[in-house]
Amino acid sequence: MKLRRTLASLAFTCGMLLVSQVPATAAPSPDVVNGAVEKTTKNVSSACLEAVAKGKGVGAAPKQTACEVTTTSKTSEARRVTAADIKADASLKSADRTEMVQALSYGAIYSKHFSWFTTGGGYTVTHNGTFYYNGWKAWATTPYAAYGGSHYCFVNYAFMVSINTQQCYETGNDFERDFYFQWQVAWPAAPPYFGLSYTVSHWGSVYANGTTS
């Protein structure tokens with residue numbers, strides 16, 4: 001009986017030693033979110049209200065109508081990057097393929113498309129792009145593991161109003177990437193807003209677990 005217990009104890013100890021020697025791989029965080037998301041928010045531009053308060057236009061038109069802004073955020077479902085994708089990508093160099101395959105060996109990599117639409121009086125602007133994430137890192141315009149995303153800012157339409165894009169850039173850290181878009185709204189010196197002019201901006205963020213805000 002003592003011999004059996006001794007052998008069983010040795011077997012358990014050896015098993016634990018073997019398990020402890022297996023290197024852990026960096027898998028995606030358990031809270032990785034891969035589904036599509038759409039959200040709309042409405043608010044009033046503080047910059048517009050400040051311009052109105054300083055007497056820059058609007059006239060008899062309602063202030064609330066002039067300064068209302070609606071923002072819609074859309075994020076696509078995730079697309080998982082596969083070894084077949086890497087092999088089929090003619091733009092990748094041999095060294096890039098090796099780097100990407102190695103990155104996949106540490107955990108799944110996903111990509112998503114994001115869009116933020118902002119609609120004000122007489123116009124809609126957008127900044128959108130693609131980002132990659134793996135549960136512990138998010139990236140877009142700066143490539144990682146030979147893959148890079150994107151970020152673009154543009155005017156969808158403008159009716160009777162002039163929209164000038166001023167800034168469009170990305171910043172942040174490994175877990176969170178932040179995207180900034182700034183534009184100027186300028187109405188002509190005529191109804192309905194009599195020369196009203198102000199600057200609007202929007203921040204959007206993406207995260208290593210695939211969520212956006």
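Positions are given from 1 along the sequence.
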query: Is it true that Met160 and Ile163 fall in one hydrophobic cluster, defined by side-chain heavy atoms closer than 4.5 Å?
result: yes
- request: Under the side-chain contact (heavy atoms from CB on, under 4.5 Å) rule, collect the residues that match up with Asn43, sequence neighbours excluded.
  value: Val69
task: Can you sort out the partners of Ser111 under side-chain contact (heavy atoms from CB on, under 4.5 Å), two or more places apart, ordered by chain and number?
output: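 Testing Ser111 for side-chain contact (heavy atoms from CB on, under 4.5 Å), a comparison that skips the adjacent residues, returns Arg79, Thr130, Tyr132.
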task: Indicate yes or no for a side-chain donor-acceptor contact from Glu170 to the backbone of Thr141 under 3.5 Å, with no hydrogens or angles considered.
output: yes
task: Would you confirm whether Arg177, through its side chain, and Gly172, through its main-chain N or O, come within 3.5 Å as a donor-acceptor pair?
output: yes
- request: Please check if the distance between the ring centroids of Phe131 and Tyr133 is under 6.0 Å.
  value: yes
message: Is it the case that the ring center of His202 lies less than 6.0 angstrom away from the ring center of Phe181?
response: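 Aromatic pair excluded; centres sit 6.0 Å or further apart.
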Are any non-hydrogen side-chain atoms of [X] and [Y] less than 4.5 angstrom apart?
X	Y	answer
His127	Phe117	no
Phe179	Val206	yes
Cys168	His151	yes
Val185	Cys48	no
Thr70	Thr41	no
Gln184	Tyr198	no
Ile109	Arg80	no

message: Which residue is it: Thr71, Thr72, Thr119? I am looking for the one with a side chain to side chain donor-acceptor pair (under 3.5 Å) to Thr40.
response: Thr72
- request: Step through the shown structure and confirm whether more than 12 heavy atoms of other residues, nucleotides or ligands are within 6.0 Å of CD on Glu176.
  value: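 Yes, enclosed.
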Ignoring hydrogens and geometry beyond distance, is a side-chain donor-acceptor pair present between [X] and [Y] at under 3.5 Å?
X	Y	result
Thr75	Thr212	yes
Asp178	Thr171	no
Thr165	Trp183	no
Tyr180	Gln182	yes
Thr211	Asn209	yes

field: Six-ring centre of Tyr144, Lys137 cation under 6.0 angstrom, axis tolerance 45°
entry: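 Lys137 over Tyr144 ring: yes.
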message: Please give me the minimum heavy-atom distance between Asp174 and Ala208, naming the atom from each residue.
response: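 In terms of heavy atoms, the two residues are closest at O-CB, 4.4 Å.
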Closest heavy-atom pair and its distance - Val161, Gly122: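 Taking every non-hydrogen atom into account, CG1-O, 3.6 Å.
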- prompt: Hydrophobic cluster mates of Phe175, side-chain heavy atoms under 4.5 angstrom, ILVMFWY only, any path?
  reply: Tyr207
- line: Paired with Val155, the side-chain contact (heavy atoms from CB on, under 4.5 Å) test is passed by just one of Thr126, Thr124, Val125, namely Val125
message: Once you measure the plane-to-plane angle for Trp203 and Tyr169, does it fall in the parallel (<30°), tilted (30-60°) or perpendicular (>60°) bin?
response: perpendicular
Atom [atom1] of [X] and atom [atom2] of [Y]: how far apart are they, to the nearest 0.5 Å?
X	Y	atom1	atom2	result
Tyr157	Tyr123	OH	OH	10.0 Å
Cys153	Asn128	SG	CG	8.5 Å
Phe114	Ser205	CZ	OG	10.0 Å
Lys39	Trp116	NZ	CH2	11.0 Å

